[in-house]
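Below is one structure, written out as structure tokens, with a few remarks after it.
Values below: all heavy atoms of this structure, side chains included; hydrogens, waters and symmetry mates excluded. Residue numbers count from 1 along this sequence.
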Amino acid sequence: MREDLDDSFPIHTAAEGPSGVLPITGEMLRNAPSGELFGMSQNTGMGWNPNLLNQRQYLILGTMGGIRREDGTPIALGYHTGHWEIGLMMEEIAKEITEKQGIPFAGYVSDPCDGRSQGTTGMFDSLPYRNDAAIVMRRLIRSLPTRKGVLGVATCDKGLPAMMLALAGMHDLPGIIVPGGVSLPPIHGEDAGKIQSIGARYSNGDLSLEEAADLGCRACATPGGGCQFLGTAATAQVIAEALGMSVPNSALAPSGQPVWKNMGRQSARALLHMDHSGIVMRDILTDKAIANAMVVHAAFGGSTNLLLHLPAVAHAASLHIPTVEEWNEVNRKVPRLVSVLPNGPIPHTTVRVFLAGGVPEVMLHLRRLGLIDDSVLTVTGRTLGENLDWWETSQRRIDMRNRLREADGVDPDTVIMSPQEAKRQGMASTMTFPTGNLAPEGSVIKSAAIDPSVLTSDGIYRHVGRVKVFTAEKDAIRSIKDGLIHAGDILAIIGRGPSGTGMEETYQLTSALKHLPFGKQVTLITDARFSGVSTGACIGHMGPEALVGGPLGLLRDGDWVEVVIDTIKLEGSVNLVGEGEQPQSQEEGARILAYRTPHPFLAVDPGLPDDTRLWAALQAVSGGTWQGCVYDTDRIIAALEAGQKVLGWK
């Protein structure tokens, strides 16, 4: 179709250009790279005052998504609320940098929503996205060679870990993580975690169609921020602050509100201070900082997905990568202190954790217990100890805790508890790492999230049951919705690790089980992973994964499996114990596994993209799941060179 041009479409072929002159010298013309000089032309072309072009330049890198009008209404939607208001934060930061005589630059690498892709092939790109986004972010940072520092503004499950990896890899550059905050829960309704089970609850007769439609409409009560529970997004915010990469009391702030925007301005001032003081990322990210973050993770009861992300941050920073044994040791000695969704015991939302004092409040308790090293440097330019000394007597602490009492009638000490009160409440430590003949390389369960009613008086979860084996998550959720899963069953979801699906999340299943009456009496075992909001007897990361020869791939329907989790000693096992009419022993299970062939339907998911197949191969040769699913360049090159020699190509 041809549309004639008329006077409403004036077309110009040249323009006057910006007024003024570039602030260049003969020395610059003789010695500066041409790109630096051309950059000045670009800057004036975009409208920057040429008289101010010699000010120091700072990059604001964000995960913003969607297009908003000035009143906040959507022109084009983003993938999730977590990145919907990121642009507001970036604007506050840019204003602060400009007011402090700097030049702000901005770049964007948006991110997907794990909630949106649950149960779909979109989940096959979820974890691989993190590595790819971190690479793009680092390339953007390096592609602005005149930048003096970077502020990374991010919120959610993969965008924030990617941003942390990107900044951690810029060893000689100042950098700060600015958490994108959290959304608020509805006054009347369900949080964004529980709402993801409406399909299963409706199918089992626990919700009407009208109830499901009403609750689903209001779950995200405010337009911006990560989900209201301590899932992967919120845990990543906590970990960024625990590492010293964020300013104090910045994790879990309510998105869009003045306190959140002010935190962005504080972060901008901190970055300028780092630049002027010569503080760079290698000064912040140390082995001691990684150890502190592991301790804070345990005290919060954070998402098991940080077992993938924190080791990756350590790798990017060229630090020691935590081992399973070290994670286990931390979880044995660190008490869980935070009562928050999804673990409880009281289902407080993340904004309440923020008002109760957030990361600094938890670290005060941990310091008194001698569990953290407060000598580490933070992005404030001060040590962690100095930050905590300030926090303990600050007016901000008083105001935040008072606001929680006034707004919600909640005592902050019931959200972030003292070790004594946490023990009195029976709060179990966060994670256990079971082994056994079905997981010889290990696995993980958020043992704190097992329903207390199915534990023995001495804190042990024991389940011996017949297994129902699924090689696709969609078949498992259909069985749950159709009433084919019952109390006492053990669900095995196999072939869903890195090689099969990109290590998909299986929250669709764990959410359904949590909110169905019989769900607490069902155990789930898988080589996939879980959403940070998952609860119950759900064991993931089982290694080796089924598709690379792991014994999980040898299971058959009707096999007897025994699961034992000691939530006090943090010990556990997952074993095949027989295949006949009655369970037998671990030894008999090992004998059976020795002669078994893989499950006949075990296969790479036919929808797995080539991009994810490549990611799976690269992370496998780099150490796999327990090394953080990273790209280890030296290992990859060594493997390629070895292959070339075998083939005679070199």
Side-chain angles (χ1 to χ4, degrees), residues 79-80 112-127 129 156-158 190-207 212-213 215-216 219-220 226-229 231-233 303-305 341-342 444-446 449 451 468-486 489-498 500-542 605-608 612:
Y79 284 47
H80 54 87
C113 175
D114 282 359
R116 187 181 293 275
S117 61
Q118 288 293 335
T120 76
T121 56
M123 184 54 71
F124 298 172
D125 288 289
S126 171
L127 184 55
Y129 167 88
C156 282
D157 290 26
K158 300 304 173 297
E190 296 180 351
D191 66 85
K194 186 175 183 179
I195 207 66
Q196 294 181 52
S197 67
I198 56 175
R201 284 186 285 156
Y202 171 77
S203 299
N204 280 266
D206 293 333
L207 273 184
L215 292 169
C220 299
C227 294
Q228 309 108 338
F229 47 80
T232 304
S303 164
T304 56
N305 279 321
L341 286 166
V444 65
I445 179 172
K446 191 191 289 186
D451 191 302
K468 292 181 178 175
V469 182
F470 298 91
T471 57
E473 188 202 25
K474 68 179 187 296
D475 296 333
I477 192 63
R478 174 48 52 199
S479 292
I480 292 174
K481 289 182 176 181
D482 289 349
L484 301 178
I485 304 300
H486 308 102
D489 286 343
I490 292 180
L491 268 64
I493 319 298
I494 68 173
R496 313 311 279 180
T501 66
M503 203 177 188
E504 66 182 354
E505 280 188 356
T506 56
Y507 180 62
Q508 187 178 206
L509 304 175
T510 59
S511 175
L513 293 173
K514 175 181 173 64
H515 297 293
L516 291 173
F518 62 87
K520 63 185 178 182
Q521 296 166 327
V522 175
T523 300
L524 173 61
I525 60 176
T526 183
D527 50 5
R529 60 192 177 91
F530 301 121
S531 165
V533 73
S534 292
T535 62
C538 309
I539 301 170
H541 299 221
M542 293 181 69
D605 193 287
L608 192 69
T612 301

Using side chain to side chain contact (heavy atoms under 4.5 Å, CB included), reason through I480 and L491 one step at a time and then give a plain yes or no. CA-CA 10 Å; I480 292 174; L491 268 64; 4.3 Å; yes
Drop me the distance from I490's CD1 to K468's NZ, to the nearest 0.5 angstrom. 11.5 Å
Determine whether D114 and K158 make a side-chain contact, defined as any pair of heavy atoms from C-beta on separated by less than 4.5 Å. yes
Answer yes or no: is there a donor N or O on one side and an acceptor on the other, between the side chain of T121 and the main chain of G607, under 3.5 Å? no
Worked check of side chain to side chain contact (heavy atoms under 4.5 Å, CB included) between V522 and I485: CA-CA 8 Å; V522 175; I485 304 300; 4.3 Å; yes
Could you pull out the closest heavy-atom pair between L484 and D489, with the gap in Å? O-OD2, 4.1 Å
The side-chain hydrogen bond (donor to acceptor under 3.5 Å, both in side chains) partner of R496 among T526, D527, D605, T471 is D605
Rounded to the nearest 0.5 Å, the CD1 atom of I445 sits from the OG1 atom of T523 at a distance of 7.5 Å
Nearest heavy-atom neighbours spanning G226 and C156: CA-SG, 4.0 Å
When every non-hydrogen atom of N305 is compared with those of F530, the smallest separation belongs to ND2-O, 2.9 Å
In Å, rounded to the nearest 0.5 Å, how long is the span from NE2 of H541 to CE of M503? 4.0 Å
Does any part of the side chain of F470, heavy atoms only, come nearer than 4.5 Å to the side chain of L509, both counted from C-beta? no
Closest non-hydrogen atom pair, E473 against T506: OE2-CA, 3.3 Å
E504 side, atom CD; I493 side, atom CD1 - distance, nearest 0.5 Å: 9.0 Å
Is there a side-chain contact between C227 and L341, using heavy atoms and a 4.5 Å cut-off? no
G502 and L608 have their tightest heavy-atom pair at N-CD1, 3.8 Å
Mind checking the OH-CG spacing from Y129 to D157? Nearest 0.5 Å is all I need. 11.5 Å
Which pair of non-hydrogen atoms, one from Q228 and one from C220, has the smallest distance, and what is that distance? NE2-CA, 4.3 Å
Which distance, rounded to the nearest 0.5 Å, do you find between the CD of Q118 and the OG of S126? 8.0 Å
